[in-house]
Amino acid sequence: MMMNPDEQLEILLRGTYFADEEAGGPSGEAGAGSLAEAQGRETAGPSAATGRTLREQMTAELRERLKEGRPLRVYLGADPTATSLHIGHFVPVQKLRVFQDLGHQVVFLIGDYTGMIGDPTGQSSERRRLTHDELMAYSQDYQRQVFRILDPKKTEVRYNGEWLSKLTFAEVAELAAIFPSSGW
């Protein structure tokens, strides 16, 4: 039996930090200002559209979904561009394990197709173009590492090439038109 939504929320939001909050979490214990301030930007604060902070917005949305009484489907996507996951993957994988322990469905999405792109600007040797065979070998390494934390029996592994490889050039151009230019 799943916990009630409020019990799950308490567990799922434990240790989270939102960009519009003071450093140290929602109560700002550290007193060092927000992430935005540390980066020389203005603090976002509540949304002008909703009047709510990111935490308030996300908590309300998550509460509504949990009230439906069915397992959530959550995922983490990673392009396997090296033999090891990095620290940036570790925290989300830990949070996915919490979702699993609460009875939710976890998907580990491997970017076998997006990983072949590399760094399209040509400025980073860290994101060189890889072959599909190289990416699949790296994806095995990623799965071995991720399954040290996630339960492999409760984790669905998917590859974005399952759908991206089927797109026509016209469909790719249509998708690209949705997103603003990044300036490269």
Side-chain angles (χ1 to χ4, degrees), residues 1-29 34-36 43-80 85-115 135 139-140 142-168 171-172 174-180:
M1 185 174 116
M2 292 183 102
M3 293 178 168
N4 75 47
D6 288 328
E7 291 170 326
Q8 289 189 64
L9 272 172
E10 182 181 333
I11 292 168
L12 291 170
L13 293 175
R14 192 175 298 148
T16 60
Y17 175 76
F18 292 86
D20 60 349
E21 295 176 337
E22 294 293 317
S27 59
E29 298 90 13
S34 70
L35 176 62
T43 304
S47 163
T50 65
R52 297 186 301 179
T53 65
L54 291 172
R55 178 176 296 277
E56 290 165 341
Q57 292 174 45
M58 295 302 295
T59 300
E61 182 178 333
L62 189 52
R63 180 177 283 115
E64 288 306 308
R65 293 183 189 268
L66 291 169
K67 281 182 179 178
E68 293 173 8
R70 58 184 171 88
L72 300 177
R73 186 173 166 86
V74 295
Y75 79 96
L76 171 66
D79 288 353
L85 291 166
H86 56 74
I87 192 68
H89 294 111
F90 183 66
V91 172
V93 169
Q94 284 185 308
K95 191 58 80 171
L96 287 178
R97 180 57 192 240
V98 173
F99 275 96
Q100 266 186 346
D101 289 345
L102 292 171
H104 300 289
Q105 174 62 42
V106 167
V107 179
F108 184 55
L109 177 62
I110 296 173
D112 66 315
Y113 205 74
T114 51
L135 288 159
S139 78
Q140 293 303 309
Y142 275 28
Q143 287 178 69
R144 274 192 293 278
Q145 293 165 38
V146 111
F147 291 143
R148 292 180 179 173
I149 299 170
L150 298 178
D151 182 342
K153 294 180 186 115
K154 297 179 180 177
T155 305
E156 179 182 348
V157 177
R158 299 292 303 267
Y159 299 85
N160 67 13
E162 294 170 25
W163 56 90
L164 292 178
S165 66
K166 297 175 181 146
L167 294 175
T168 66
E171 291 168 326
V172 170
E174 187 178 323
L175 283 172
I178 296 170
F179 301 98

Inset, instruction - List the steps and the verdict of side chain to side chain contact (heavy atoms under 4.5 Å, CB included) for Leu96 and Ile149. - result: CA-CA 9 Å; Leu96 287 178; Ile149 299 170; over 6 Å; no

Inset, instruction - Please report the closest heavy-atom contact between Gly88 and Pro92, naming both atoms and the distance. - result: O-CD, 3.3 Å

Legend entry - Glu64 side chain to Glu61 backbone, donor-acceptor under 3.5 Å: no

Legend entry - CE on Met3 to CG on Leu66, rounded to 0.5 Å: 11.5 Å

Legend entry - Nearest heavy atoms of Pro71 and Gly103, plus distance in Å: CB-O, 3.5 Å

Inset, instruction - Before giving the answer on side chain to side chain contact (heavy atoms under 4.5 Å, CB included), spell out for Leu76 and Lys95 the whole-Å C-alpha distance, their side-chain angles and the decisive distance to 0.1 Å. - result: CA-CA 10 Å; Leu76 171 66; Lys95 191 58 80 171; over 6 Å; no

Legend entry - side chain to side chain contact (heavy atoms under 4.5 Å, CB included) between Asp101 and Ile11, worked out: CA-CA 11 Å; Asp101 289 345; Ile11 292 168; over 6 Å; no

Inset, instruction - Count the heavy atoms of every other residue, nucleotide or ligand shown that sit under 6.0 Å from CD of Glu174, and state whether that count exceeds 12. - result: no

Legend entry - Glu56 versus Gly51, closest heavy-atom pair with distance: OE1-O, 4.3 Å

Inset, instruction - Check the surroundings of atom OH in Tyr75: do more than 12 heavy atoms from other residues, nucleotides or ligands lie under 6.0 Å from it? - result: no

Legend entry - Contact check, side chains of Val107 and Thr155, non-hydrogen atoms, under 4.5 Å: no

Legend entry - Distance, nearest 0.5 Å, that separates CD of Gln8 from NE2 of His104: 3.5 Å

Inset, instruction - Find the distance between OG1 (Thr53) and CE (Met58) and round it off to the nearest 0.5 Å. - result: 11.0 Å

Inset, instruction - Give the minimum heavy-atom separation between Leu109 and Tyr159, together with the two atoms involved. - result: CD1-C, 4.1 Å

Legend entry - Salt bridge Arg97-Asp151, side-chain N to carboxylate O under 4.0 Å: no

Inset, instruction - Output the distance between atom CG (Leu135) and atom CD (Gln140), rounded to the nearest 0.5 Å. - result: 12.0 Å

Inset, instruction - Supply the atom-to-atom distance Thr59 OG1 to Leu13 CG, rounded to the nearest 0.5 angstrom. - result: 4.5 Å

Legend entry - Side-chain heavy atoms of Glu156 within contact of Arg73, under 4.5 Å: yes

Inset, instruction - List the steps and the verdict of side chain to side chain contact (heavy atoms under 4.5 Å, CB included) for Val146 and His89. - result: CA-CA 9 Å; Val146 111; His89 294 111; over 6 Å; no

Inset, instruction - Compare all side-chain heavy atoms of Leu102 with those of Glu7 and state whether any distance is below 4.5 angstrom. - result: no

Inset, instruction - Measure the shortest side-chain to side-chain distance between Phe90 and Leu85 over non-hydrogen atoms and say whether it is less than 4.5 angstrom. - result: no

Legend entry - Separation of Phe108 CZ from Ser139 OG (nearest 0.5 Å): 8.5 Å

Legend entry - Any donor-acceptor pair under 3.5 Å from Asp112 side chain to Asn160 backbone: yes

Legend entry - Side chains of Val157 and Phe147 in contact at under 4.5 Å (non-hydrogen atoms): yes

